[in-house]
Amino acid sequence: MTSNDEYVLQLLREKGYVTAEQLDAASQAMREGNETTLDVLVASGALTEDDVLGTIADQFGMKYVNIDPSALDPEIGKEISQEIARKYGVAPVMKDADSVTIVLSDPMNYDAVDSLRYVLHGKDVQAVLAPAADVKALMEKLYPSGADEITTRTDDGFGDDESSDGDDAPVIRLCSLILSNAIKMKASDIHLEPMEKEFRVRYRIDGALRKMDSPPKRLQGAILSRFKIMSKIKISEKRIPQDGRIQVNVGGRDLDLRVSTVPTNHGESIVMRILDKSNLALGLPQLGFLSDDQSKFERFIHLSDGVVLVTGPTGSGKSTTLYAALGQINLPDRKIITVEDPVEYQMSGINQVQVNRDVGLDFSAALRSILRQAPNIVMIGEIRDSETADIAMEASLTGHLVFSTLHTNDAPSAVTRLTDMGVKPFLVASAMRAALAQRLVRAICPKCKEEYAITERDKKMLGPLAKLAPDKMFIGKGCSACNGGYKGRKGIFEIFEVDDTIQRLIFDHAPTTVLRERAREMGMRTLREDGMLKVAAGMTSLKEVLQATMGDAD
């Protein structure tokens with residue numbers, strides 16, 4: 001009758017529905033047959049099913065209901081597939097925009113409620129209690145025996161046969177829903193994290209991790225295996241990290257997912273980075289450039305030679321900026337070759353080389369080879385060592401325009417980073433044209449944006465930059481269209497141009513502080529200053545800019 005009869009019997013005894021003597025007699029009869037103690041008590045008349053279920057309903061704060069199957073709208077059956085309904089012993093009886101009410105006979109059937117949250121795209125699941133015979137009658141009304149299977153409406157576009165028989169079907173459905181929900185919520189990453197007592201699913205949305213409803217812990221292994229199969233990585237290997245890739249089409253959009261697995265104490269952790277090819281269509285204005293910085297950056301990317309660097313920490317949008325730049329200069333009269341690890345987006349008209357260290361094809365080896373292909377423009381995913389840096393600088397001096405990325409906190413520090421790698425200062429000064437530092441900040445939702453007057457606390461946090469703050473700023477209140485008042489992200493930028501004076505300073509081994517001071521005299525805006533202009537324009541909030549530019553004290 002339930003999945004925990006001993007607990008229910010204890011409740012019934014405490015409520016006075018059954019005596020110790022009746023329990024002993026029923027236990028003896030149970031040992032002589034195949035029925036449970038509860039079944040014996042109900043069959044003997046010592047208890048009624050209403051006594052049992054009514055007590056359980058009170059204890060669990062549930063409604064105990066009697067629903068006439070003839071009054072049930074057959075359309076409600078489309079909310080849950082026949083397979084799922086029969087697997088978990090439930091029937092849908094009511095719905096609204098945000099929730100579905102199901103009826104079941106076992107209130108301890110936690111797996112049913114957990115799984116249905118995924119099947120129903122995260123809708124709230126309200127459970128009510130009814131006798132097993134009533135639940136069966138409702139299921140027969142909604143799903144007549146022998147009728148065609150009613151499949152769950154997912155609109156996910158993954159193409160799996162979700163009406164297939166077997167134990168794998170619910171897992172396939174759960175995995176598809178994890179992916180489709182992440183894409184609908186515009187997540188950049190999906191994190192599947194085995195914990196001691198739960199299997200945690202989190203999405204990174206606009207740079208912040210957000211916890212989703214957790215699938216049942218018992219399905220952890222099956223879900224992880226399913227994603228490993230989709231990624232074409234070894235399903236039996238669980239001791240070492242592995243990398244793979246998933247290609248899907250959702251709603252007519254081609255998406256790539258870069259998959260990484262790492263063994264942890266409680267199972268393999270999987271992170272899937274969602275690479276949306278529609279981002280390739282982004283122009284520089286969509287990245288968040290103000291008009292003057294955009295004109296300056298466009299001038300650099302249309303040069304015939306030199307090195308242009310994009311700097312910033314991991315996750316600051318460097319690759320997106322480089323892809324947008326390549327998209328703007330990808331013309332039929334230019335040959336463009338990239339060396340990447342990995343190739344994140346496949347771009348039409350561009351020759352892209354995937355680094356493969358297992359066969360000796362690292363950045364420097366690939367770069368030496370592609371220069372013999374006579375390209376006009378070369379993009380190196382990242383300059384990581386002195387050999388790659390030297391080749392990049394020398395390539396620029398022989399008539400190539402070279403793009404790459406570095407991990408530095410600000411734009412002028414790119415010079416110091418290169419010289420620390422061992423690149424000669426005269427080579428940096430001769431080859432480098434500009435460095436663009438960037439960060440990503442969350443954009444205020446346009447639907448719930450509202451003005452507020454700057455406070456003394458804001459001015460205190462800004463310090464010397466308080467003079468740049470506008471009298472009125474904006475913040476998102478939070479609405480159904482956004483995530484806590486924010487929707488999407490924009491870049492804030494710092495463009496460091498290497499002019500004749502900067503070249504002489506690099507020749508003379510000038511420190512970063514001197515280079516930065518000269519760049520400021522030339523009109524370079526710092527990251528925080530650029531962010532403050534975007535605060536004034538209502539693009540982002542003061543809090544976002546301050547968090548993104550903690551190291552920018554000017």
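The distance from atom CD1 of I475 to atom NZ of K543, rounded to the nearest 0.5 Å, is 8.0 Å. To the nearest 0.5 Å, atoms CD1 (I377) and CG (L326) are separated by 7.5 Å. To the nearest 0.5 Å, atoms OG1 (T338) and CD1 (I370) are separated by 7.5 Å. In this structure, CG on L224 lies 10.5 Å from OG on S231, to the nearest 0.5 angstrom. If you take CZ on R226 and CG on L219, they are separated by 13.5 Å, rounding to the nearest 0.5 Å. Atom CG of residue L436 and atom CZ of residue F403 lie 11.0 Å apart, to the nearest 0.5 angstrom.
With respect to the salt-bridge test (charged N to carboxylate O, under 4.0 angstrom), the residues R200 and E198 do not qualify. Using a 4.0 Å cut-off between a side-chain N of Lys or Arg and a carboxylate O of Asp or Glu, D341 and R357 qualify as a salt bridge.
For the pair H191 (side chain) and R202 (backbone), a donor-acceptor distance under 3.5 Å is absent. Panel note: side chain S430, backbone L427; no donor-acceptor pair is recorded below 3.5 Å. Listed for the D530 side chain is a donor-acceptor partner under 3.5 Å among the backbone atoms of F493. Y486 places no side-chain N or O within donor-acceptor distance of the main-chain N or O of T540, the cut-off being under 3.5 Å. Distance alone, capped at 3.5 Å, places no donor-acceptor pair between the E544 side chain and the V441 backbone. Between the side chain of Q242 and the backbone N or O of T261 there is no donor-acceptor pair closer than 3.5 Å. In this structure a side-chain-to-backbone donor-acceptor pair under 3.5 Å is present from Q220 to H266. Judged purely by atom type and a 3.5 angstrom limit, Q352 has no side-chain atom pairing as donor or acceptor with the backbone of E340. A distance-only check finds no donor-acceptor pair linking the side chain of E193 to the backbone of M195 [under 3.5 Å]. Using a distance-only test at 3.5 Å, with no hydrogens or angles considered, a donor-acceptor pair links the side chain of R204 to the main chain of G207.
Nearest heavy atom pair, residue P412 against residue L515, reads O-CD1, 4.2 Å. Scanning both residues, A187 and I274, for their nearest heavy atoms gives O-CD1, 3.5 Å. Scanning all heavy atoms of the two residues, the minimum distance from P263 to P241 falls at CD-N, 3.9 Å. Between T405 and G381 the shortest heavy-atom distance is OG1-O, 2.7 Å. Across all non-hydrogen atoms, the minimal contact from L440 to S316 is CG-O, 3.4 Å. Nearest heavy atom pair, residue I502 against residue A519, reads CD1-N, 4.4 Å.
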How far apart are the C-alpha atoms of K534 and K490, what are their side-chain angles, what is the distance that settles it, and do they pass the side-chain contact (heavy atoms from CB on, under 4.5 Å) test?
CA-CA 9 Å; K534 286 161 185 174; K490 296 289 185 182; 5.9 Å; no
Steps toward side-chain contact (heavy atoms from CB on, under 4.5 Å) verdict (L542, M532)
CA-CA 7 Å; L542 178 62; M532 290 307 302; 3.8 Å; yes
Please test I270 against K228 for side-chain contact (heavy atoms from CB on, under 4.5 Å), starting from the C-alpha separation and ending with a verdict.
CA-CA 9 Å; I270 291 183; K228 290 174 72 173; 4.2 Å; yes
Test side-chain contact (heavy atoms from CB on, under 4.5 Å) on M185 and R210; report intermediate values, then the result.
CA-CA 11 Å; M185 297 176 73; R210 182 173 170 185; 3.6 Å; yes
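You'll find the side chain of R518 reaches within 4.5 Å of the side chain of D499, heavy atoms only. Considering only heavy atoms from C-beta on, L192 comes within 4.5 Å of M272 through its side chain. When side chains are defined from C-beta on, V415 does not count as touching T512, because their heavy atoms never get closer than 4.5 Å. Using a 4.5 Å cut-off on side-chain heavy atoms (C-beta onward), L406 and L418 make contact. Between I336 and M347 there is no side-chain heavy-atom pair separated by less than 4.5 Å. Between M212 and N181, every side-chain heavy-atom pair lies at or beyond the 4.5 Å cut-off. Taking 4.5 Å as the limit, some side-chain heavy atom of L179 sits within range of a side-chain heavy atom of L257. Side-chain contact between D458 and M473: present, with at least one pair of heavy atoms (C-beta onward) separated by less than 4.5 Å.
None of K296, R516, R520, R525 except one satisfies the salt bridge (charged side-chain N to carboxylate O under 4.0 Å, His left out) rule with E494; the exception is R516.
When the shell of 6.0 Å around CG of D390 is examined, it contains more than 12 heavy atoms from other residues, nucleotides or ligands. Heavy atoms from other residues, nucleotides or ligands lying under 6.0 Å from NZ of K238 number 12 at most. Crowding of K232 atom NZ: a count of heavy atoms from other residues, nucleotides or ligands under 6.0 Å not exceeding 12.
When only modelled atom types and interatomic distance are considered, T264 and S269 share no side-chain donor-acceptor pair under 3.5 Å.
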Using a 3.5 Å cut-off and no angle test, enumerate the donor-acceptor pairs between side-chain atoms of residues 302-313 and protein atoms at least two apart in sequence or in another chain.
from: H302; atom 1: ND1; to: E298; atom 2: O; distance (Å): 2.8
from: D305; atom 1: OD1; to: R433; atom 2: NH2; distance (Å): 3.2
from: T311; atom 1: OG1; to: T408; atom 2: OG1; distance (Å): 3.2

